[in-house]
Enquirer: 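What follows is a structure written as structure tokens; I'll ask about it next.
Below, chain A is the first sequence line, B the second, and so on; all start at residue 1. Just the heavy atoms: all of them, side chains too, but no hydrogens, waters or symmetry mates, feed the values below.
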Protein chains: 2
Amino acid sequence: MHIIAPIQHGLILLMSVTLKQLAGTLGLSPTTVSRALNGFPEVNDATRKRVREAAERANYRPNTRAKSLATGRAQAIGHVIPVSTSHEIVNPVFADFIAGAGETYSRAGYEMVLRVVPDADEAQAYRDLIARGAVDGVMVHGPRQQDSRVALLGELEVPFMFHGRTSNIDQPYSWLDINNQRSFRRAAQFLIDLGHRRIALVNGLEEMDFANRRRNGYLEALEHAGIAVDPALMRQAEMTEPYGYRALIEMRKLPDPPTAFMASSMIVAYGLRRGLSDLGLKLGRDVSIITHDDDLSYLPNDGDVPMFTATKSSVREAGRRAASMLLRLVEAPASAPLTELMETSLVVGASTGPAVPQESG
Amino acid sequence: MHIIAPIQHGLILLMSVTLKQLAGTLGLSPTTVSRALNGFPEVNDATRKRVREAAERANYRPNTRAKSLATGRAQAIGHVIPVSTSHEIVNPVFADFIAGAGETYSRAGYEMVLRVVPDADEAQAYRDLIARGAVDGVMVHGPRQQDSRVALLGELEVPFMFHGRTSNIDQPYSWLDINNQRSFRRAAQFLIDLGHRRIALVNGLEEMDFANRRRNGYLEALEHAGIAVDPALMRQAEMTEPYGYRALIEMRKLPDPPTAFMASSMIVAYGLRRGLSDLGLKLGRDVSIITHDDDLSYLPNDGDVPMFTATKSSVREAGRRAASMLLRLVEAPASAPLTELMETSLVVGASTGPAVPQESG
DNA sequence: TGAGGCATCCAAAGCGGTTTGGAAATGATT
DNA sequence: AATCATTTCCAAACCGCTTTGGATGCCTCA
């Protein structure tokens with residue numbers, strides 16, 4: 001149901017039915033139609049029914065822009081995705097997180113607006129999004145250990161939510177995170193309990209807050225067990241498969257090689273596994289691996305006995321929850337900082353086993 | 001620069017500077033300020049300068065909703081991401097494609113609005129997005145062999161763009177695709193030239209148009225070489241690592257096993273490689289693999305000699321191009337269907353070599 | 001000197017909704 | 001029968017911007 005409406009400078013635009021038109025055909029005022037559709041009490045039931053049916057028939061939808069101009073609420077949430085020009089990685093967990101968040105937004109009648117910007121322009125993107133009134137709140141991705149975005153967004157006085165946390169900030173803010181530290185402490189402890197003493201950590205970039213916390217958990221477990229920390233067993237980089245592969249090959253060449261590896265992502269674990277296999281070592285018998293598993297749908301790690309022992313937490317579910325927290329914040333800004341720390345579950349798979357004595361190199 | 005403005009029903013909202021306020025402090029009319037900022041000629045250079053500086057100082061940004069209400073253009077593009085409830089896969093190429101498209105939108109001053117909906121509600125999502133005037137155009141993801149969305153969007157009279165194509169449609173529409181058929185024909189031909197006669201195809205779901213075209217290319221090459229098609233060597237499924245692994249293990253058990261495999265994605269190729277390695281076979285010597293490589297940043301396949309021989313095409317670049325085609329369509333709807341067929345490049349890596357005679361099972 | 005042309009600016013009318021502040025009709029109450 | 005409360009509806013203002021259609025003042029030129 002479209003009509004052709006000439007607009008001001010002579011352009012011809014295709015427009016959907018408007019409230020006014022709908023009111024016109026019904027012989028009612030726009031006021032009444034608006035109230036009928038929005039469930040206000042001061043309208044006759046019969047009238048309301050008539051209006052609803054007409055709206056249905058005409059496939060009427062209120063114009064979002066007009067509506068939010070009038071109400072002052074954008075009914076939209078902003079996500080700013082910085083793409084760094086230095087390391088061109090598009091974080092694969094974004095997709096699942098966004099899918100989860102998007103489900104929540106859709107159900108709640110919110111739009112999701114995405115801005116993909118060079119990371120140098122990120123702050124500007126937030127400012128712009130907010131100054132233009134394009135969104136009611138923003139979600140923050142990929143927090144660093146030290147992240148200036150808490151201060152920035154606090155200043156902009158907009159509801160915001162971090163997926164993950166940042167360190168060295170006293171100012172309270174809202175976040176949803178997994179318990180990275182506890183998760184990796186526990187995983188390391190699990191390996192220690194199996195008799196491993198040489199445990200490698202193949203981590204993500206340590207400027208990322210999650211990586212830092214995982215390392216802390218790892219270090220805690222070692223310390224608790226009285227195992228000396230060996231920097232040669234700790235790596236951090238962009239989490240790719242070849243990175244995992246190289247880490248394994250190179251570390252296994254050490255005089256006193258690790259018997260167990262902890263990986264920060266499934267992709268890295270794939271690389272480790274390939275390295276093992278190239279060295280003729282058997283996963284879970286000769287060498288153990290525990291990986292973090294974000295439960296990405298295209299990297300399944302399930303079955304009766306999952307391939308990898310893993311600290312598992314669905315990033316998609318995190319997206320759902322973070323989104324609904326943010327919506328709560330938007331609808332009641334007073335409700336101050338909201339935080340949630342999700343625990344991961346340690347899923348025991350086929351990739352771990354007791355430490356075997358190594359012939360010394 | 002914020003002011004506290006009381007709004008109608010007593011809520012207190014934080015608002016940015018408005019045109020009217022800016023005009024007020026400058027002692028000018030909103031008209032003049034608007035024109036000064038939008039570069040209209042009928043304003044004194046000195047005045048324009050004064051206005052620009054004041055706007056800068058006040059961090060003024062025109063309210064998007066008001067602006068687009070007035071102009072009738074949303075300055076936004078919609079992406080609908082269907083998440084099927086049956087197979088819960090969030091396609092990993094979405095992320096890179098969207099990153100690419102997003103870059104283009106940002107530069108052009110367009111917003112990207114994402115709707116994540118259960119696939120049953122997809123049509124409704126398009127209708128809704130358009131009826132509400134929330135977007136000026138839409139991008140269509142993951143086309144099937146038979147896709148009703150061409151008809152739907154044509155009916156809705158909105159500029160739209162397919163990432164990929166659909167088959168069995170006579171109606172013209174705009175799309176950007178890679179030459180899947182030629183790509184896989186060429187890859188298969190490459191393997192045939194190396195002496196392979198038993199070539200497996202480990203494909204994506206065949207309801208997806210890309211998978212269908214790849215199969216056609218594969219079949220063409222076989223036929224051209226007079227090689228009989230063996231259904232036992234053709235698989236289609238959601239593209240995960242375990243799927244690749246199982247395909248390899250099971251097919252290698254066949255009486256007359258394939259000496260080469262073609263994979264529809266890097267992830268599947270990872271699975272194939274693992275299978276090989278478990279069977280003690282050497283990649284590129286005992287068995288060859290060619291995979292399609294979307295050039296995802298976290299699945300790198302480069303270096304002097306890439307790990308995999310691959311048909312390579314950056315899906316991120318596809319996103320950039322598709323987006324700019326869509327914007328062209330939005331800005332000049334008359335410019336009818338725009339199409340682009342990107343060729344992939346066949347990158348020769350370490351995963352292919354001459355066929356070796358197999359001991360018959 | 002007066003008409004015409006320019007350069008600058010502005011008031012007001014939209015865009016498509018929501019919300020305020022009545023008004024008219026109906027029913028209940030005294 | 002007059003008063004008052006309810007119910008049901010509507011006119012008009014407003015959200016923040018753009019655009020139309022002047023208005024004003026100054027300069028130029030016949």
Enquirer: For residues 22-35 of chain B, which residues have at least one heavy atom under 4.0 Å from DNA chain D?
Expert: B:Thr31, B:Ser34, B:Arg35

Enquirer: Rounded to whole angstrom units, what separation is found between the NZ atom of A:Lys20 and the C1' atom of C:dT18?
Expert: 13 Å

Enquirer: Any salt bridge (Lys or Arg N to Asp or Glu O under 4.0 Å) involving residues 24-41 of chain A? Give me the pairs, sequence neighbours left out, ordered by first then second residue.
Expert: A:Arg35-A:Glu42

Enquirer: Enumerate the residue pairs fulfilling side chain to side chain donor-acceptor pair (under 3.5 Å) with a member in residues 322-339 of chain B, sequence neighbours excluded, ordered by first and then second residue.
Expert: B:Tyr110-B:Glu331

Enquirer: Over how many whole Å does the gap from A:Asn63 atom CG to C:dG17 atom P extend?
Expert: 6 Å

Enquirer: How would you list, by chain and number, every residue that makes a side chain to side chain contact (heavy atoms under 4.5 Å, CB included) with A:Ala123, sequence neighbours excluded?
Expert: A:Leu152

Enquirer: Provide, to the nearest angstrom, the distance between the CD atom belonging to A:Gln75 and the P atom belonging to C:dT18.
Expert: 11 Å

Enquirer: I need the CZ-P distance between A:Arg65 and D:dT18, as an integer number of Å.
Expert: 13 Å

Enquirer: Can you list, in residue-number order, the parts of residues 37-53 of chain A that come under 4.0 Å of DNA chain C, counting heavy atoms only?
Expert: A:Asn38, A:Phe40

Enquirer: Checking B:Pro337 now: which residues fulfil side chain to side chain contact (heavy atoms under 4.5 Å, CB included) with it, not counting sequence neighbours?
Expert: B:Pro172, B:Ser174

Enquirer: Could you check how far CG of B:Leu69 sits from P of D:dC14, rounded to whole Å?
Expert: 17 Å

Enquirer: Quick one: list whatever passes salt bridge (charged side-chain N to carboxylate O under 4.0 Å, His left out) with A:Arg132, sequence neighbours left out.
Expert: A:Asp128

Enquirer: Which atoms form the tightest heavy-atom contact between A:His163 and A:Ala318, and what is the distance?
Expert: NE2-CB, 4.2 Å

Enquirer: What side chain to side chain donor-acceptor pair (under 3.5 Å) pairs are there with at least one residue in residues 47-56 of chain A, not counting sequence neighbours?
Expert: A:Lys49-A:Glu53

Enquirer: Using every non-hydrogen atom in the two residues, find where B:Tyr105 and B:Leu326 come nearest and quote the distance to one decimal.
Expert: OH-CD2, 4.0 Å

Enquirer: Kindly write out the residues that satisfy salt bridge (charged side-chain N to carboxylate O under 4.0 Å, His left out) with A:Asp136, not counting sequence neighbours, or none if the list is empty.
Expert: none

Enquirer: Round to the nearest Å and state the distance from A:Gln21 atom CD to C:dG17 atom C1'.
Expert: 13 Å

Enquirer: Below 4.0 angstrom from OP1 or OP2 of D:dG16, is there any side-chain N or O of B:Tyr60?
Expert: no

Enquirer: For D:dT18, does either OP1 or OP2 sit under 4.0 Å from a side-chain N or O belonging to B:Lys67?
Expert: yes

Enquirer: Nearest whole angstrom, please: distance from the P of C:dC15 to the CG of B:Asp136.
Expert: 18 Å

Enquirer: Roughly what angle, to 10°, lies between the helix axis at the start of the helix from C:dT1-D:dA30 to C:dT30-D:dA1 and the one at its end, five pairs per end?
Expert: 70°

Enquirer: Out of D:dT18, C:dG17, C:dT18, which has the shortest distance to the side chain of A:Thr18?
Expert: C:dG17

Enquirer: Please name all residues satisfying side chain to side chain contact (heavy atoms under 4.5 Å, CB included) with A:Val93, sequence neighbours left out, ordered by chain then number.
Expert: A:Asn91, A:Asp294, A:Val315

Enquirer: Just to verify, what does A:Gln124 make a side chain to side chain contact (heavy atoms under 4.5 Å, CB included) with, not counting sequence neighbours?
Expert: A:Arg127, B:Arg61

Enquirer: Rounding to a whole Å, what distance do you find between B:Leu19:CG and D:dT19:C1'?
Expert: 13 Å

